[in-house]
Amino acid sequence: MTSYEQWISFYTIVRKDVVRMLRIWPQTFLPAIVTSALYFLVFGAFMGSRIGTIEGVPYIMFIVPGLVMMQAVMNSYTNVAFVMFQSKFFNRNIDEILVSPTPPWVLIAGFVAGGVLRGVVTALLVLLVALVFTPLAIFNGFIIALFLILASVIFALGGLTNGVFAKSMDAINIVPTFVLQPLVYLGGVFYSAKTLPGIWGEVTMIDPIFYLVNGFRYGFIGKSDVSVWLAIGVLCALAALLFAVVLYLLRTGLGLRQ
Amino acid sequence: MELALDIQNLQKKYADGTPALQGVSLQVPKGDFYALLGPNGAGKTTLIGIATGLVNKTGGSFKIDGIDFDAHPEKARRKVGVVPQNLNVDFFGKVIDIVVNQGGYYGIPRSVALPRAEALLTAVGLSDKRTTQARQLSGGMQRRLMIARALIHEPDLLFLDEPTAGVDIEMRRSMWDYLKTLTARGVTILLTTHYLEEAEQLAKHVAIINKGTIVADGTMDEILARYDEAQQQHKGYRGSRLEEVFLQLTREPEKPS
């Protein structure tokens, strides 16, 4: 395929996903808005007033980046995992792409771009909801955008791996509930790692979401538990590793071709 | 003779050890209407799956229009269209989008794919359903949608895996009439079907596959010439000559009671 044809194929995959997302917006965008509003209300407005400040900023302002990141991560992951699983398991229309000359990396890019769009749009919507509860400072807009996109890319790639491998709907649902949510809650969304006792501070360091949340939070309040450059390095390495895994799966057909 | 499909010693063993294809060789001439017949589980769908890149082979090789699939998969895929046995459309997608999107996966811009899709939908009798969701179509209409989808990139070789299963007689006839116009335009068709009278009327060449092995192939006349009245075992219902030859070649020998 020429570069132009690859672009057409990429655009087609993304367009199809966007049409799907918009068709079922009460399932794709609304839940994140409602859930986040509840978090801001309970943890921010009600409990936050008793907690006071963390790292010198009001508690609600401290948790906003983490909650936005949580929705970006969850949405980019589930979007790609579900679309891939549905198209390979229920109606098998993934074959439409597999029979075509579309190279595996274009397929990955298309699916991941769909996940990134869902993650980023959801994050922006949640940020708008946050503005109802608290004013937001922006310390570095570039860092905010970089971490938001990095998070969406990483978890879209993770979702694609899960979607390709999964043999049942349970395998799709288990990961967000039993893997992602613990990682999110233990990744410093609601607290600073500096406040953790003993070994827990070091355990947090192996949670990739810790780097995402901290880097993203740095973009807002200018403070982070870890070096932003270290966070960028860890996350880029993780993205590269996941891309290599998915590319291997698609090239060999593992999980997709018999 | 130029070949649209040249399969040499194709083998497939599934992960559970089931041998689906055991050294199949098959030559489909360009422009032919070729019927691949066999009982359930004979290996027909596996063969089509391999030839369209949806199933990994475990041995052998094949060329599509002279292009080695292993060496140039992208080039070879451009030549092929497939209508699978099972309905595999996005049931919530609109009919026109399904066809146009398929063009997109072949690198065809929407501005080119749209008029092409309109013409194809008209040809298969679905132009009035263009904005209908696929799930709202009848089974026969969904099969015709899959034919339109398979043709959007103007393939030279079209695989039809039991395209008329569950389709009523009138719709089946109109489908065959349309497909015959394709072969008249030079498109090669490889068809699998359990309706042997269809194959007898339409196909120039036939191969019969059983348990992953080709047990007979040749022109339709050559296959029909194998009909042997003396071998008839059933005294009741009698099918067409092709049906009787098919049964003679694929029937399990009766075990002594």
Side-chain angles (χ1 to χ4, degrees), chain A residues 1-25 27-28 82-111 114 167 248-258, chain B residues 12 14-16 18 20 45-46 48-58 72-94 97-113 133-135 142 146 149-150 152-153 155 159:
Chain A
M1 279 183 122
T2 63
S3 303
Y4 178 64
E5 288 170 333
Q6 287 171 350
W7 162 252
I8 297 288
S9 184
F10 168 80
Y11 172 75
T12 304
I13 296 168
V14 178
R15 186 181 186 278
K16 185 181 172 191
D17 198 15
V18 170
V19 168
R20 184 196 65 84
M21 275 183 235
L22 295 176
R23 189 178 64 223
I24 55 167
W25 65 269
Q27 291 173 50
T28 47
F82 182 75
V83 170
M84 172 50 80
F85 183 73
Q86 187 188 39
S87 60
K88 79 159 193 177
F89 199 79
F90 289 123
N91 41 24
R92 195 65 210 175
N93 60 57
I94 188 67
D95 288 352
E96 291 176 342
I97 306 176
L98 295 181
V99 298
S100 78
T102 297
W105 72 266
V106 173
L107 188 155
I108 296 169
F111 272 73
K167 289 187 168 60
Y248 174 76
L249 289 177
L250 290 180
R251 280 196 173 151
T252 55
L254 276 174
L256 280 181
R257 297 193 175 101
Q258 292 168 305
Chain B
K12 173 66 185 177
Y14 283 105
D16 63 0
T18 309
T45 299
T46 300
I48 289 177
I50 293 172
T52 52
L54 293 174
V55 175
N56 289 337
K57 60 186 169 62
T58 44
H72 306 287
E74 282 187 21
K75 273 188 184 173
R77 284 172 196 274
R78 280 181 189 281
K79 301 273 181 182
V80 173
V82 60
V83 179
Q85 190 181 122
N86 297 318
L87 299 170
N88 73 339
V89 291
D90 171 12
F91 294 117
F92 294 95
K94 288 178 187 168
D97 286 340
I98 288 168
V99 182
V100 171
N101 283 347
Q102 187 65 33
Y105 303 139
Y106 285 82
I108 302 167
R110 288 185 76 79
S111 56
V112 177
Q133 284 188 335
R135 69 192 170 100
Q142 287 176 344
M146 293 203 297
R149 183 184 64 179
I152 187 71
H153 61 290
F159 290 98

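The shown structure was predicted, so the numbers you read here are calculated from the model rather than taken from an experiment. So you know, we letter chains A, B, ... as the sequences are listed, proteins then strands, and number each from 1. Because only heavy atoms are used, hydrogens play no part in the values below, and waters and symmetry mates are left out as well, while side chains stay in.
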Is any side-chain heavy atom of [X] less than 4.5 Å from a side-chain heavy atom of [Y]?
| X | Y | value |
| --- | --- | --- |
| B/Asp90 | A/Lys16 | yes |
| B/Arg77 | A/Ser100 | no |
| B/Phe92 | A/Arg23 | yes |

**OP:** State whether the number of non-hydrogen atoms from other residues, nucleotides or ligands found under 6.0 Å of A/Lys88 atom NZ is greater than 12.
**Re:**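 More than 12 within 6.0 Å, yes.
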What's the shortest heavy-atom distance between [X] and [Y], and which atoms?
| X | Y | value |
| --- | --- | --- |
| A/Glu96 | B/Ile98 | OE2-CG2, 4.0 Å |
| A/Pro101 | B/Arg78 | CG-CG, 3.9 Å |
| A/Ser9 | B/Tyr105 | OG-CA, 3.7 Å |
| A/Tyr11 | B/Arg110 | CE2-CD, 4.2 Å |
| B/Gln102 | A/Val99 | NE2-CG2, 4.1 Å |
| A/Asp95 | B/Leu54 | OD1-CD2, 3.5 Å |

With a 4.5 angstrom heavy-atom cut-off, could you sort out which part of [X] is near chain B: side chain, backbone, both or neither?
| X | result |
| --- | --- |
| A/Ile24 | neither |
| A/Thr252 | backbone |
| A/Tyr4 | side chain |

Original post:
Counting heavy-atom pairs under 4.5 Å to chain B, which of A/Ile13, A/Val106, A/Ile8 comes out on top?
Top reply: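 Most heavy-atom pairs under 4.5 Å with chain B: A/Ile8.
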Please flag which part of [X] lies under 4.5 Å from any non-hydrogen atom of chain A: side chain, backbone, both or neither.
| X | answer |
| --- | --- |
| B/Ile108 | backbone |
| B/Val80 | neither |
| B/Pro73 | neither |

Subject >> CD1 on A/Ile94 to CG on B/Asn88, rounded to 0.5 Å >> reply: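 Between atom CG of B/Asn88 and atom CD1 of A/Ile94 there are 11.0 Å.
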**OP:** Supply the atom-to-atom distance A/Arg15 CZ to B/Asp97 CG, rounded to the nearest 0.5 angstrom.
**Re:**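 Separation between the atoms: 6.0 Å.
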Original post:
Knowing that exactly one of A/Ile97, A/Asn93, A/Thr12 qualifies, which makes a side-chain contact (heavy atoms from CB on, under 4.5 Å) with B/Asn101?
Top reply: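 Only one option passes, and that is A/Thr12.
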